[in-house]
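The block underneath contains the structure these notes are about, expressed in structure tokens.
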Amino acid sequence: MKNFLWKRLYAVAAFVSLVAAGSLTACSDDEEGYNSGVTGLTVSQELLTEGITVARSGGTTTFAVQSLEAVQVSSSETWCTAQASNPSEALKAVTVTLTVQENTDTNDRTAVITLTAGSESQQVNVTQMAADGVVVEAPEPMTAEGGTVEISLTTNGDPEVTCGVDWITRVQTKADMAGRTYTFIVDKNESYSATDRIGRITFTLGTLVETVDVVQRPSRTYNWVGMNSDAKTLAKQMYAGINIGNTMEVPGSETGWGNPRVSKEYIDGLKAAGFNAVRIPCAWDSHIINQETNEIDPAWLDRVSEVVGYCRANDMYAIVNIHWDGGWLEENCTPEAQEANNAKQHALWTQIASKLNVYDEYLLFAGCNEPNVENAEQMAVLKSYEQTFIDAVRATGGNNATRCLIVQGPSTDIDKTLNLFGEMPTDVVTGRLMLEVHYYTPWTFCGLEADADWGRMAYFWGEYEVEGSDRNSGYGADDVIAAFEKLEARYVHDNIPIILGEYGAMVRTIGENQQAHDLSRQSFTEVVTREAKNHGIVPFFWDGGTFVMIDRYTGAVSERYAYDGLMQGAAEGTYPF
């Protein structure tokens, strides 16, 4: 279907403001300045010689003439109509009102206003400025094979043309008196994305910006299994999970924190290493291209879809979330931010869910990441954000009507969740919600990178603590089991599986007792993984930054201690459903 896009700019701001005030006139009502060219009908010489110029936006304007008789007015064009008032007894003045429609053409146009009084007549020209800009004709969607696409424009200038993606290349322009035709080469679509991809081409003419989207069909088909599994069924299928950390969630750039772009080879490596579930933390706020509508850059939606496609091609489960994202939601679980954030949450999730709707039950959505909540008031605000997330996804229909969704406990902290979270949000389908928490306990062992006034880095954990060391964590397997037992009793027994969205212990080089530290990390990862599964909690190791396990370039295992512990724990753990 052809889609004509217009950009309407006001050419004469003064005209608009005066029309709004209801006071725009072409000349004075005073008798001075009038030229009695015809007996009984007096028209300003300025009007006769220069006429009236109006903005392309149209509107209403008036001018005055003098007459000894009633004045009849007519217009040569339908886009400009004229009406005369009855003459004043005192001033013998007649007000002529012009109503001008908007000019959507790219050429100026002129109407002739004829004024008749008795047997006498005069003519006033009305010139309306052309619409500034371009008319863009969007092309039909292209096949995955790619090829040549032509985009036709009607324009009154020479636009600057930019392609927003690297798979579309401009090659030539043809111009004639009727318009211009721009030719582009579209590469073959070899993406693993199951969705159409969109390349946005921008035409800039002065302050005017117009865009046209080139849509290309996907190249691959998948053997979808449908949407029949509930949350417990899906959770039970997830053997071992891992995060693609510090990558897709980096504000503005996938490679901004030193990791390479996620590749098919990397995801293949995860599969070969024994993982069958991938959590994909994602940034969205820095990819918004229209702050008023919260429109997400189509190229970024395509990129996220491609990474999901890598996972689905390997029959791996995938979780897509809105991660920290600059903290617009996570740092603002407050009544003051609630209304605006709910509107943004709804807009973003409507777009994300719509884009990824084609994927089957192997894809899950998570509403946020680690929402900072400290009390019941903030928890109520978070609940509204989570309800908005659920409602927005469900409203997109299709596979999203029954897709399994994940909501986050306050700060994804286990104790806060048990104390503040309460009941799950409302859903229109039953059994399709999961709850998410994270486990980095104690932080002094898991993630503290330097001694602080509130605690010192701990190097040793559980059975590998070093006697007499001031770097022992004081934690072990019993602490993990106790925490997970409480979650199981409160939620898993109520048929609500839990996603352990992040856990891990950072790699440190400590010199003396290095092996005890390495084995501590291995034991920690083994215990958390095993006991999570034993208590109905699906484990996703955080891989990124100081938590390194898999080489991002090759997909090969690069850190054996945590990896060996994770796989041993995954093999030993058994879900209680």
Side-chain angles (χ1 to χ4, degrees), residues 241 243 245-246 249 279 281-285 319 321-338 341-342 344-345 365-390 405-425 433-449 452 454-455 473 475 479-480 482-492 496-506 528 532 535 537-542 544-547:
N243 281 267
N246 293 4
E249 83 276 24
R279 183 171 179 257
C282 288
W284 301 98
D285 182 72
I319 296 173
N321 76 351
I322 292 180
H323 208 67
W324 176 68
D325 215 20
W328 66 267
L329 183 150
E330 304 214 336
E331 303 301 329
N332 291 285
C333 294
T334 62
E336 295 77 14
Q338 185 172 7
N341 278 352
N342 270 314
K344 186 172 183 177
Q345 176 87 323
F365 294 146
C368 55
N369 176 48
E370 294 179 345
N372 185 20
V373 167
E374 301 295 337
N375 53 53
E377 181 183 55
Q378 293 175 351
M379 185 65 239
V381 175
L382 174 59
K383 277 291 185 67
S384 76
Y385 296 161
E386 293 175 330
Q387 190 65 59
T388 295
F389 155 65
I390 294 170
L405 307 179
I406 305 165
V407 296
Q408 290 61 48
S411 307
T412 54
D413 178 85
I414 292 175
D415 289 335
K416 286 184 182 180
T417 299
L418 293 167
N419 293 331
L420 294 173
F421 189 80
E423 300 300 318
M424 295 288 282
L433 295 183
M434 299 182 181
L435 178 64
E436 180 178 350
V437 296
H438 298 171
Y439 192 81
Y440 291 113
T441 304
W443 183 248
T444 51
F445 172 72
C446 292
L448 187 63
E449 297 186 53
W454 57 268
S473 67
Y475 282 74
D479 300 287
V480 176
F484 290 173
E485 281 181 343
K486 291 186 288 186
L487 284 173
E488 181 182 16
R490 175 63 183 86
Y491 293 105
V492 178
I496 302 169
I498 294 175
I499 296 292
L500 187 63
E502 297 179 19
Y503 70 103
M506 66 180 291
V528 173
H535 293 86
I537 303 168
V538 184
F540 283 80
F541 181 85
W542 179 263
T546 56
F547 301 79

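Index from 1, following the sequence. On a predicted model such as this, the values are computed, not experimentally measured, just so you know. What's counted below: heavy atoms across the whole structure, side chains too, no hydrogens, waters or symmetry copies.
- Note: N342 CG to T388 OG1 = 3.5 Å, rounded to the nearest 0.5 Å.
- The ring-ring contact (aromatic ring centres under 6.0 Å, His included) check on Y491 picks up nothing, with sequence neighbours excluded.
- Not a single donor-acceptor pair under 3.5 Å links the side chain of N243 to the backbone N or O of G245.
- G409 and T417 get closest at one heavy-atom pair: CA-OG1, 3.4 Å.
- Atoms CD1 and NE2, on I499 and H438 in that order, are 10.0 Å from each other to the nearest 0.5 Å.
- A donor-acceptor distance shorter than 3.5 angstrom exists from the side chain of N332 to the backbone of G327, with no hydrogens or angles considered.
- In this view, E502 and R279 satisfy the salt bridge (Lys or Arg N to Asp or Glu O under 4.0 Å) rule, not counting sequence neighbours.
- For the residue pair S384/Q338, the side-chain donor-acceptor check at 3.5 Å is satisfied.
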Test log, rule side-chain contact (heavy atoms from CB on, under 4.5 Å), inputs F484 and V528: CA-CA 9 Å; F484 290 173; V528 173; 4.1 Å; yes
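- For the atom pair Q378 CD and K383 NZ, the distance stands at 14.5 Å (nearest 0.5 Å).
- With sequence neighbours excluded, the residues that form a salt bridge (Lys or Arg N to Asp or Glu O under 4.0 Å) with E423 are R490.
- Put simply, the side chain of N369 does not reach to within 4.5 Å of the side chain of T412, judged on heavy atoms.
- For Y385, the side chain to side chain donor-acceptor pair (under 3.5 Å) partners two or more places apart in sequence, or in a different chain, are N341.
- When all heavy atoms of N321 and P281 are compared, the closest pair comes out as OD1-CA, 3.2 Å.
- With sequence neighbours excluded, no residue satisfies side chain to side chain donor-acceptor pair (under 3.5 Å) with T444.
- In terms of heavy-atom proximity, P410 sits nearest to L420 at CG-CB, 4.1 Å.
- Taking S411 as the reference, K416 meet the side chain to side chain donor-acceptor pair (under 3.5 Å) condition, with sequence neighbours excluded.
- A search for salt bridge (Lys or Arg N to Asp or Glu O under 4.0 Å) contacts involving D415 returns K486, not counting sequence neighbours.
- Formation of a donor-acceptor pair under 3.5 Å by the E249 side chain with backbone atoms of W324 is not found in this model.
- Nearest approach of I390 to P425, heavy atoms of both residues: CD1-CB, 3.7 Å.
- Residues passing the side-chain contact (heavy atoms from CB on, under 4.5 Å) test with A505, sequence neighbours excluded: F445, R521, F524.
- Between E436 and Q408, the shortest heavy-atom distance links the atoms OE1-NE2, 2.8 Å.
- Of the inter-residue distances, the one linking L487 atom CG with Y439 atom OH reads 10.5 Å to the nearest 0.5 angstrom.
- The closest side-chain heavy-atom distance from I322 to L329 is not below 4.5 Å.
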CA sep, side-chain torsions, deciding dist, call: W542, N246, side-chain contact (heavy atoms from CB on, under 4.5 Å): CA-CA 10 Å; W542 179 263; N246 293 4; 3.5 Å; yes
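- Annotation: E331, atom CD; neighbour count of heavy atoms from other residues, nucleotides and ligands within 6.0 Å is above 12.
- The side chain to side chain donor-acceptor pair (under 3.5 Å) search around K344 returns D285, not counting sequence neighbours.
- By the ring-ring contact (aromatic ring centres under 6.0 Å, His included) test, F540 pairs with no residue at all, sequence neighbours left out.
- In terms of heavy-atom proximity, L435 sits nearest to F421 at CD1-CZ, 3.7 Å.
- Listed by chain and residue number, W443, F547 satisfy the ring-ring contact (aromatic ring centres under 6.0 Å, His included) test with Y440 (two or more places apart in sequence, or in another chain).
- Take E386 and apply the salt bridge (Lys or Arg N to Asp or Glu O under 4.0 Å) test, not counting sequence neighbours, and it matches no residue.
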